[in-house]
Amino acid sequence: MRSLRTGLSLASLVSGLALLLGAPPAQAADAPLRDLADAKSKVIGTAVTGSKLTGTYGEIAAREFNALTPGNAMKWGSVEPTRGTFNWAEADQIVNFAEANGQQVRGHTLVWHSQNPSWLTNGTWTTAELRQLMTDHIATEVGRYKGRLETWDVVNEPFNEDGTYRQTLWYNGLGADYIAEALTAARAADPSAKLYINDYNVEGVNAKSTALYNLVKSLKERGVPIDGVGLQAHLILGQVPATLQQNIQRFADLGLDVAITELDIRMNLPSDSAKLAQQAAEYKQVMNACVAVARCVGVTVWGFTDSDSWIPDTFPGQGAATPYDENFAPKPAYHAIAEALGGTTTPPTGCTVTYSVVHQWNGGFTGQVRIDCSGASLASWKANWTFGAGQQLTQAWNANCTQSGSAVNCSNASYNGTVPDGGSVTFGFNASWSGSNPVPVVTLG
Ligand code: XIL
C-alpha cells in the first residue's frame with residue numbers, strides 16, 4: 001500500500017479540535033480513521049472534489065483518509081471536453097494533494113457509458129475508430145499518472161441488473177471484448193497499477209454480481225490483466241445485502257482483490273437520531289464484511305460529508321448518506337467506521353466545541369463554531385480563541401464576539417445560552433486573513 005504518511009502533523013494538530021468541558025472524557029479521542037486502517041493494512045478512502053480541498057474539508061480529507069478517489073475529475077467528459085483539448089487541472093490537483101498527504105489514489109474511471117464528452121457520444125465511428133479512441137484515451141490518461149496511482153477503475157458499470165451486458169457505446173461498437181481490450185491497454189500504460197472492474201448492485205449475491213463473477217473468472221482464465229473488482233455500495237438504509245461478506249469472499253477466492261469503492265447509505269430526509277443510529281450500524285456491517293476478508297483491500301466512501309454528496313441531487317428527498325454532516329460534524333456512522341477498524345467506541349461525555357472554516361476566499365473567510373453537549377448541559381457559554389496568523393474578525397452572528405489584539409472572546413446571544421444534553425448551538429463569523437489561515441484551539445468557558 002502506498003500510504004506513507006508525511007507532513008501531516010500540523011493538519012492533525014490544528015484541525016477539528018474539540019475541547020471538553022464538564023465531565024472528563026470517557027476515553028481519549030479516537031485516532032484518525034486512516035491510522036486505524038493503516039494498522040489493519042486496509043484502505044479507508046473518500047471521493048473528493050478538487051476545488052474544495054482547502055479549509056476544514058481539506059483538513060478532514062487529509063487527516064482521516066489514506067486514499068482519495070476523484071469524484072468526477074478523471075472522467076472522460078472532465079479531462080477531454082473537446083476532442084484533443086485536455087483539462088487535467090482538477091485531476092492533477094487531487095493527485096498532488098494525495099501525494100503531499102501520503103495518500104493513495106484510485107483512478108476513476110476510464111471506460112463508462114456516462115459522463116462522456118458529447119463529441120464522443122454524438123460522433124459516428126467505425127469499429128476501428130472506436131477501438132482506437134478507447135485505447136488512445138486509456139494510454140493518454142493512465143500514462144499521464146503512470147506510477148502514481150495505486151488503482152484504476154478501468155471499466156465502470158458494464159452490466160444490467162439481470163446480468164446481461166449493458167448496451168453502451170462500447171458494447172454496441174466493440175462487443176463484450178471491449179472490457180478485455182480496455183484492461184490490456186491499461187496494463188500496458190501503467191504496469192504497476194491495480195486494474196479493476198467496478199459496478200453497483202453487485203454487493204450481494206445476485207444475477208448481476210454473478211455475471212460479474214463469471215466475467216472476471218473467464219478474464220483470469222484467458223490471462224487478461226485483471227486485479228480486482230469494485231463493489232460501489234450505493235446502499236439504501238435498511239437494505240445492506242445479507243450476502244455481502246459471502247459475495248466478497250467468492251471474488252477473493254478467484255484470486256482477485258475486492259474493494260468497496262463508493263460506499264454511501266442514503267435515507268429519506270429528514271434524518272433523525274434513530275435513522276442515524278441505524279445507518280451507523282449498517283456502515284459498521286459493511287466495514288466488518290471487508291475487514292473479515294483478507295483480500296478486501298478496503299472501503300472508500302463516496303464523499304465524506306453530506307455537503308459533498310451526490311445523493312440529494314440524484315435521489316430527490318433522500319440524503320444524509322455520508323459519515324459527516326453538512327457542517328463537518330462526525331455522525332454516528334463515523335464512530336461506527338472507527339469502531340470496525342479497531343478504534344475506541346464510547347463517544348466522550350461533556351460539551352465539546354468545534355471550529356471550522358466553512359468557506360474561504362482570497363482575503364476572507366466564514367468560520368463556524370459549534371458546541372455539542374452529550375451527558376452534560378450548559379446554561380450559558382463563552383468560546384475563546386487566539387488567531388495565530390493575524391486574522392481579524394469583521395462580523396459575528398448568533399454570539400457576541402469581540403477581538404482585542406489576537407484574542408477573540410465570544411459569549412452566547414440572549415437567546416442561545418442553553419445547550420441541552422444531546423443538543424448543540426452554532427454561531428458564525430466572518431474574518432479576514434492573509435498568508436495562512438490556521439485553525440485555532442477554541443476553549444469553552
Ligand atoms: C457521480 C458523482 O458523484 C456526481 O457528482 C456526478 O454528477 C455523477 O456521478 N457511480 C459512479 C460514480 O461510478 O462515478 C458516480 O459519481 C456515482 C455512481
Side-chain angles (χ1 to χ4, degrees), residues 43 45-53 57 61 65 67-81 87 89-91 93-95 105-118 120-121 137-138 141-142 149-161 165-166 168-171 178-179 182-183 186 194-204 208-209 212 228-236 239 258-266 286 298-316 318-324 326:
V43 165
T46 181
V48 290
T49 303
S51 59
K52 297 185 180 173
L53 285 169
Y57 182 98
F65 298 94
L68 301 182
T69 304
N72 289 300
M74 288 186 174
K75 292 170 181 173
W76 200 330
S78 301
V79 301
E80 196 184 5
N87 181 358
E90 190 191 349
Q93 184 198 354
I94 293 169
V95 174
V105 177
R106 180 173 197 96
H108 176 84
T109 182
L110 298 166
V111 181
W112 192 24
H113 64 274
S114 184
Q115 292 183 276
N116 285 319
S118 52
L120 175 66
T121 49
H137 170 66
I138 293 170
E141 182 153 8
V142 178
L149 268 51
E150 182 75 16
T151 316
W152 271 106
D153 289 329
V154 177
V155 175
N156 202 30
E157 304 181 345
F159 288 109
N160 293 315
E161 298 304 289
Y165 282 108
R166 190 191 283 268
T168 69
L169 170 69
W170 308 112
Y171 179 82
Y178 83 89
I179 296 172
L183 289 161
K194 299 273 193 238
L195 307 181
Y196 278 63
I197 301 173
N198 191 49
D199 214 327
Y200 65 92
N201 287 351
V202 292
E203 294 75 29
K208 191 174 184 179
S209 66
L212 177 60
V229 295
L231 316 180
Q232 290 185 6
H234 293 293
L235 302 175
I236 298 169
Q239 297 183 28
V258 180
I260 295 187
T261 52
E262 306 185 12
L263 176 62
D264 49 26
I265 304 181
R266 61 187 186 263
V286 174
V299 176
T300 290
V301 295
W302 203 246
F304 63 86
T305 160
D306 291 339
S307 66
D308 187 40
S309 169
W310 70 309
I311 296 295
D313 288 341
T314 309
F315 303 94
Q318 299 179 58
T322 79
Y324 283 82
E326 298 193 339

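These numbers come from a predicted model, not from an experiment. What's counted below: heavy atoms across the whole structure, side chains too, no hydrogens, waters or symmetry copies. For ligands, and for the atoms within them, numbers begin at 1 and follow the listed sequence.
- Ring geometry for Trp302 versus His108: interplanar angle over 60°, hence perpendicular rather than tilted (30 to 60°).
- Look at Trp112 and you'll find a heavy atom under 4.0 Å from some atom of ligand 1.
- Neither the backbone nor the side chain of Asp153 has a heavy atom within less than 4.0 Å of ligand 1.
- Which parts of ligand 1 touch Asn156 is read off a 4.0 Å heavy-atom cut-off, strictly below it: atoms 11 (C), 13 (O).
- Side-chain contact annotation: Trp112 with Asp153, donor-acceptor N/O pair under 3.5 Å absent.
- Using a 4.0 Å cut-off to heavy atoms of His234, the atoms of ligand 1 that qualify are 10 (N), 17 (C), 18 (C).
- The contact set between ligand 1 and Gln232, taken as ligand atoms under 4.0 Å from a residue heavy atom, comprises 10 (N), 11 (C), 13 (O), 18 (C).
- For atom 5 (O) of ligand 1, the nearest protein heavy atom (residue, atom name, distance) is Asn72 ND2, 2.9 Å.
- Other residues, nucleotides and ligands contribute at most 12 non-hydrogen atoms within 6.0 Å of the NZ atom of Lys194.
- In this structure, the protein non-hydrogen atom closest to atom 3 (O) of ligand 1 is Trp302 NE1, 2.8 Å.
- When only non-hydrogen protein atoms are considered, atom 10 (N) of ligand 1 lies nearest to Glu262 OE1, 3.0 Å.
- Using a 30° and 60° split on the angle between ring planes, Phe304 and Tyr324 fall in the perpendicular class, above 60°.
- Side chains of Glu90 and Asn72: no donor on one and acceptor on the other come within 3.5 Å.
- If you look at Asp313 next to ligand 1, there are no close heavy atoms at all, none under 4.0 Å.
- Side-chain atoms of Thr322 and Asp306 form a donor-acceptor pair, as typed in the model, at a separation below 3.5 Å.
- For ligand 1, the polar-atom distance check against Lys75 finds a nitrogen or oxygen pair separated by under 3.5 Å.
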#### Entry: Verdict with reasoning, Leu169 to Leu120, per side-chain contact (heavy atoms from CB on, under 4.5 Å)
CA-CA 9 Å; Leu169 170 69; Leu120 175 66; 3.9 Å; yes

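- Aromatic ring orientation, Tyr178 versus Tyr171: perpendicular (interplanar angle above 60°, classes split at 30° and 60°).
- Looking only at heavy atoms of the protein, atom 8 (C) of ligand 1 is closest to Gln115 OE1, 3.4 Å.
- Backbone and side-chain nitrogen or oxygen atoms of Asn198 are examined, and none is located within less than 3.5 angstrom of a nitrogen or oxygen of ligand 1.
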